[in-house]
J.: 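Questions regarding the structure given below will be posed in turn.
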Amino acid sequence: MNGSVHMDQELLKEVKKLRARVARLEQEREQALVHGQQELESLRDTEPLENASRVDERHVALEAVFDTLEDALVVYAPSGDIIRANRAFYRLLKIEQPLEYIQQPMEARSQLVHMCDERGEPMPEESWPVMRVLRGEVLGSGDATDITFVTMDGCQVQADISGAPIRDRAGNITGAVLAFHDVTLRKQQEQRHVEETRRMDEFLSIASHELRTPMTTINGNIQLAKRRVKSLSLPDGGPAGYEDKLTLIQELLSRAERQVRIQNRLVGDLLDVSRIQASRLELNVIDCDLAEITREAVEDQRFAVPNRTILLHDVPADVALPIQADADRISQVVTNFLTNALKYSAADRVVEVQIELQGKFARVSVRDGGPGLSAENQVHLWERFYRVPGIEIQSGSGMGLGLGLYICHTIIALHHGQVGVDSKVGEGSTFWFSLPLA
Ligand code: ADP
């Protein structure tokens, strides 16, 4: 019995202890809950505040970036109303009252600043860039749209516009953003350049025609004078010194004739260039043979400059090089390569001409022992008016306008052929062209 009483007391003690522990734990739990609640409360209070200030900072930074951009940037609502525009936008369109302007609906805004397309026609609403973008179109920088704006003070401003729709997570369009790049100055310069080129071409055309007419008369008179002088020759040689005087006059007339020929060639080049510019260089295409054309051109040059050696490496006699071409124009190309080779090399240098059959092509090349050309100069050789700086005429009484090679290139291109030059500074040059065989 005693033993069991003792047991009971022990048990009671244990139970008491346990109760106290449970109470303590309860209290701790309570405290933890309150603390947690407080934490939560405090979080609820402070987080939005912190977030807001962070967002605010970002907003200010973005706004600054937005306003320092060179290009005009505008954010639109789905209705086309302006949500935000940067300073460059107001500057571009010369808007003095930004707030007033952007508060207006789209139609009212379009009354203040007019939009025109590339031809200067007013643009219908559905073509306005903002409308296109709000319909989902992306106007990339590659295919940027050229728009002319007539600003409130009547000025014309041109801008390249690119832009994209703004979409929510579900992909619905919730607005648009457009960038306007001011190209007014560039367009004005382009316009001026086109106008100058047009006037220059017109001048070339008129000048070359006007120059040619008197030259024909001068040449006719020289021929007439030469014949008259010849007829003055007497069977017995006439008085002393008479024949010498006649010979001198003949020589002077021949010199004048050569000068007229050079001048005629230059004027002819000018005329050709003005025809090329106006796309009016016409070809009289016939069946002909490139080897024959080249042989004749070489013969003509041998006759014109008998003091020079022109070697011809011809194709074998049984090989024909049939082409469909304007024989006079092809002859002009061979002659141009030849006269260049002669005039840009010293009088004692040999000029070599080669005629070749190369697969489906006939090829002519003209090699000289002149100064040679750097790779950089070779790139520009075929351009209109280009003359290599530092390359002087070495022999003959020629002069140049930098048109011959440009004309050659055009003539060969019109015949679906190719031109080229192989050269190194100090090692002479080989100018060549090839034409498809008929
Ligand atoms: P140009 O009437 O001035 O000779 P071209 O168009 O025929 O005009 O030639 C353009 C320029 O290329 C020449 O002014 C000259 O500087 C250079 N050139 C042409 N042919 C040769 C050549 N065979 N050797 C060196 N330079 C040449």
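Read the numbers this way: they start at 1 and go in the same order the structure lists the ligands and their atoms.
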J.: May I ask you to identify, for Leu405, whether its side chain, its backbone, both or neither come under 4.0 Å of ligand 1 on a heavy-atom basis?
T.: both
J.: Are any of the N/O atoms in Asp368 less than 3.5 Å from those in ligand 1?
T.: yes
J.: Ignoring hydrogens and angles, state whether a donor on the side chain of Gln189 or Arg186 is under 3.5 Å from an acceptor on the partner side chain.
T.: no
J.: Quick one: does ligand 1 sit under 4.0 Å from the side chain of Asp269, the backbone, both or neither, non-hydrogen atoms only?
T.: neither
J.: Counting only heavy atoms, tell me which of Asn340, Leu373, Val425, Ile407 gets closest to atom 7 (O) of ligand 1.
T.: Asn340
J.: For Glu383 and His380, test the side chains for any donor-to-acceptor distance below 3.5 angstrom and give the result as yes or no.
T.: yes
J.: Could you list the atoms of ligand 1 found under 4.0 angstrom from a heavy atom of Leu381?
T.: 12 (O), 17 (C)
J.: Closer than 4.0 Å to some heavy atom of Val388 - which atoms of ligand 1 meet that?
T.: 12 (O), 16 (O), 17 (C)
J.: Give a yes or no on whether a salt bridge exists between Glu352 and Arg367, defined as a side-chain N under 4.0 angstrom from a carboxylate O.
T.: no
J.: Looking at atom 3 (O) of ligand 1, what's its closest protein heavy atom, distance included?
T.: Arg387 NE, 2.8 Å
J.: Using a strict 4.0 Å cut-off to heavy atoms of Tyr386, name the atoms of ligand 1 that fall inside it.
T.: 10 (C), 11 (C)
J.: Counting each atom of ligand 1 from 1 as listed, which ones have a heavy atom of Asn336 under 4.0 Å away?
T.: 7 (O)
J.: Do Phe431 and ligand 1 have an N or O pair less than 3.5 Å apart?
T.: no
J.: May I ask you to list the atoms of ligand 1 that are less than 4.0 angstrom from any heavy atom of Gly400?
T.: 1 (P), 2 (O), 3 (O)
J.: Under a plain distance cut-off of 3.5 Å, with no hydrogens placed, do Glu243 and Ser233 share a side-chain donor-acceptor pair?
T.: yes
J.: Could you check which of Gly404, Gly402, Gly369 puts a non-hydrogen atom nearest to atom 1 (P) of ligand 1?
T.: Gly402
J.: Is Asp272 salt-bridged to Arg275, cutoff N-O under 4.0 Å?
T.: yes
J.: I'd like to know whether the aromatic ring centres of Phe89 and Phe180 sit less than 6.0 Å apart in this structure.
T.: yes
J.: At less than 4.0 angstrom from any non-hydrogen atom of Leu403, what atoms of ligand 1 do you find?
T.: 6 (O), 8 (O)
J.: Go through the side-chain N and O atoms of Tyr406 and Asp269 and say whether any donor and acceptor fall under 3.5 Å apart.
T.: no
J.: For atom 21 (C) of ligand 1, what is the nearest protein heavy atom, given as residue, atom name and distance?
T.: Tyr344 CD1, 3.6 Å
J.: Test Phe149 against every option in Lys94, Gln158, Met115 by the side-chain contact (heavy atoms from CB on, under 4.5 Å) rule and name the one that passes.
T.: Met115
J.: Within the 3.5 Å criterion, strictly below it, is a donor on Arg308 or Ser345 matched to an acceptor on the partner's side chain?
T.: yes
